[in-house]
Chemist: 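My structure is below; once you've seen it, I'll send some questions.
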Amino acid sequence: MIWLLLGIVLLITAVLLFPVTIRTRSFRSEGILDGSFSISWLIFGMRYMLEDKQTEILILNRTLIRRQNKEKTPEDVDTKAPVKSKSNPPVKDFIPLAGPAIRLIRELLSAVRLRHFELDTVYGLEDPATTGMLTGYLHALTVPRIISFTPDFTQPVLDWDLDLAAGFTPIAAVPPITRFATDLRVLRAGWRIIRS
C-alpha cells in the first residue's frame with residue numbers, strides 16, 4: 001500500500017514538472033479588435049477566440065469541444081424570477097487575508113517566466129504637433145526593441161499587434177499555495193467566514 005501511495009505521489013510530482021504555456025495574441029486595426037488566448041499543458045489545451053466568442057478544448061492540438069459563447073439579450077433575462085437574499089460574511093472577516101493574499105499573488109507571478117513578447121503600435125492624435133511631441137517622448141524613453149511605435153500624423157488612431165507567450169511550472173506554485181493555506185491568519189479568517 002505504501003509503495004502504491006509513493007508511486008502516485010511520484011507520478012503527480014512528475015506531471016507537475018511539465019510547464020504550462022500561456023499565449024495571447026491581440027490586434028486592433030481600423031477600429032476592429034481581434035485576438036486569441038490559449039493555455040496548453042502536456043497534451044491538453046484551451047483556446048478562446050475573441051472575435052468569434054468561441055472556446056475550444058484541444059487534445060494533441062485537435063479540437064475536441066467547440067463552444068460558441070452567446071451574449072445574453074434582455075429577453076433572455078428572467079425578470080420575474082424571485083431573488084433569493086444571501087447573507088454574506090462581514091468585510092472585516094476578509095481584512096486579515098489581505099497580506100497573505102498579496103504575498104501569494106506576488107510569489108505566483110514571480111514563478112511565471114516571459115518567453116516571448118512583441119508589440120507593434122500605430123498611434124496618432126487629433127493634432128499632428130501633439131503626435132510629434134508624444135513621438136519625441138517615446139524616443140527619449142529607453143524602450144526595448146521588442147516594442148515599436150509608429151506615429152500617424154494624418155488621423156487620430158490607436159492600433160496594435162501584440163504577441164505574448166509565458167510559461168510556468170505547476171510545481172513552483174505548490175510552496176506559495178501551501179504557505180498561504182497554512183498561514184495562521186488565513187486559517188483564523190477562514191474559520192470565521194465558515195462560521196458566519
Side-chain angles (χ1 to χ4, degrees), residues 1-77 100-124 138 141-150 152 157-182:
M1 185 66 173
I2 292 175
W3 290 108
L4 178 64
L5 288 173
L6 186 62
I8 291 170
V9 168
L10 287 174
L11 180 65
I12 291 170
T13 304
V15 166
L16 291 177
L17 287 172
F18 285 92
V20 174
T21 302
I22 302 165
R23 187 173 190 100
T24 184
R25 287 290 321 262
S26 174
F27 43 91
R28 183 178 189 272
S29 178
E30 298 178 358
I32 299 169
L33 181 64
D34 196 7
S36 64
F37 175 79
S38 65
I39 299 175
S40 59
W41 181 56
L42 294 172
I43 62 170
F44 307 103
M46 189 275 297
R47 181 169 49 214
Y48 177 75
M49 317 290 236
L50 185 63
E51 188 179 35
D52 302 332
K53 293 183 174 55
Q54 181 174 285
T55 305
E56 295 178 343
I57 306 295
L58 309 155
I59 293 183
L60 292 172
N61 272 342
R62 294 180 182 265
T63 303
L64 183 69
I65 299 170
R66 179 176 288 134
R67 181 165 183 238
Q68 194 78 25
N69 301 327
K70 296 179 181 176
E71 292 182 9
K72 287 189 177 180
T73 60
E75 295 85 31
D76 295 339
V77 179
I102 290 170
R103 186 182 70 192
L104 173 67
I105 292 167
R106 190 171 55 237
E107 289 176 349
L108 289 176
L109 287 176
S110 69
V112 176
R113 298 285 175 252
L114 191 64
R115 294 183 179 170
H116 177 77
F117 180 82
E118 195 172 335
L119 175 64
D120 297 323
T121 60
V122 177
Y123 62 92
L138 291 174
L141 296 173
T142 307
V143 179
R145 293 186 180 193
I146 53 177
I147 302 174
S148 71
F149 299 103
T150 306
D152 185 342
V157 64
L158 179 59
D159 293 340
W160 66 79
D161 186 357
L162 171 69
D163 186 6
L164 184 144
F168 71 94
T169 308
I171 203 159
V174 172
I177 292 171
T178 305
R179 272 193 295 276
F180 177 78
T182 56

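Because the structure is predicted, anything quoted here is derived from the model rather than measured.
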Chemist: If you measure from NZ on K53 to OH on Y48, what distance do you get to the nearest 0.5 Å?
Modeler: 6.0 Å
Chemist: Is there a side-chain contact between T121 and L119 in this structure, where contact means two heavy atoms from C-beta onward sitting under 4.5 Å apart?
Modeler: yes
Chemist: Counting only heavy atoms not in R67 (residues, nucleotides, ligands), do more than 12 fall under 6.0 Å from its CZ?
Modeler: no
Chemist: At their closest point, which heavy atom of P176 faces which heavy atom of A172, and how far apart are they?
Modeler: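 Heavy-atom minimum between the residues: CD-O, 3.3 Å.
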Chemist: State which residues pass side-chain hydrogen bond (donor to acceptor under 3.5 Å, both in side chains) with T55; sequence neighbours excluded, sorted by chain then number.
Modeler: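 In terms of side-chain hydrogen bond (donor to acceptor under 3.5 Å, both in side chains), with neighbours along the sequence ignored, T55 is linked to N69.
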Chemist: Does the Q68 side chain pair with the main chain of D52, one donor and one acceptor, at a distance under 3.5 Å?
Modeler: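 Yes: the side chain of Q68 pairs with the backbone of D52.
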Chemist: Atom CD1 of I177 and atom OG1 of T182: how far apart are they, to the nearest 0.5 Å?
Modeler: 11.5 Å
Chemist: What distance do L50 atom CG and T24 atom OG1 have between them, rounded to the nearest 0.5 Å?
Modeler: 9.0 Å
Chemist: Under a 4.5 Å cut-off applied to non-hydrogen side-chain atoms, are F27 and D120 in contact?
Modeler: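 F27 does not reach D120 side chain to side chain.
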Chemist: Measuring from L104:CG to I102:CD1, what's the distance to the nearest 0.5 Å?
Modeler: 11.0 Å
Chemist: Kindly determine whether I57 and F44 satisfy side chain to side chain contact (heavy atoms under 4.5 Å, CB included), including the steps that lead there.
Modeler: CA-CA 8 Å; I57 306 295; F44 307 103; over 6 Å; no
Chemist: Kindly write out the residues that satisfy side-chain hydrogen bond (donor to acceptor under 3.5 Å, both in side chains) with Q54, not counting sequence neighbours, or none if the list is empty.
Modeler: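 Only E56 meet the side-chain hydrogen bond (donor to acceptor under 3.5 Å, both in side chains) criterion with Q54.
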Chemist: Looking at CD1 of I22 and CD1 of I39, how far apart are the two atoms once the value is rounded to the nearest 0.5 Å?
Modeler: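 CD1 of I39 is found 5.5 Å from CD1 of I22.
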Chemist: Apply side-chain hydrogen bond (donor to acceptor under 3.5 Å, both in side chains) to R113 and list each qualifying residue two or more places apart in sequence or on a separate chain.
Modeler: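 Not a single residue meets the side-chain hydrogen bond (donor to acceptor under 3.5 Å, both in side chains) criterion with R113.
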Chemist: Does anything in residues 37-46 form a side chain to side chain donor-acceptor pair (under 3.5 Å)? List the pairs, not counting sequence neighbours.
Modeler: none
Chemist: Look at the side chain of R28 and the backbone N and O of L158, then say whether any donor-acceptor pair between them is shorter than 3.5 Å.
Modeler: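 Yes, because the side chain of R28 sits within donor-acceptor range (under 3.5 Å) of the backbone of L158.
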Chemist: Report, one line per pair, each donor and acceptor closer than 3.5 Å where one atom sits in a side chain of residues 159-170; sequence neighbours left out.
Modeler:
residue: W160; atom: NE1; partner: S26; partner atom: OG; Å: 3.0
residue: D161; atom: OD1; partner: R25; partner atom: NH2; Å: 2.7
residue: D163; atom: OD1; partner: R23; partner atom: NH2; Å: 3.1
residue: D163; atom: OD2; partner: R23; partner atom: NH2; Å: 3.0
residue: D163; atom: OD2; partner: H116; partner atom: NE2; Å: 3.4

Chemist: Once rounded to the nearest 0.5 Å, what's the spacing between atom CD1 of I43 and atom CZ of R62?
Modeler: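 One finds 12.5 Å between CD1 of I43 and CZ of R62.
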Chemist: Between side-chain atoms of residues 12-21 and protein atoms elsewhere (two or more places apart, or another chain), which donor-acceptor pairs fall under 3.5 Å?
Modeler:
residue: T13; atom: OG1; partner: V9; partner atom: O; Å: 2.8
residue: T21; atom: OG1; partner: R115; partner atom: NH1; Å: 3.0

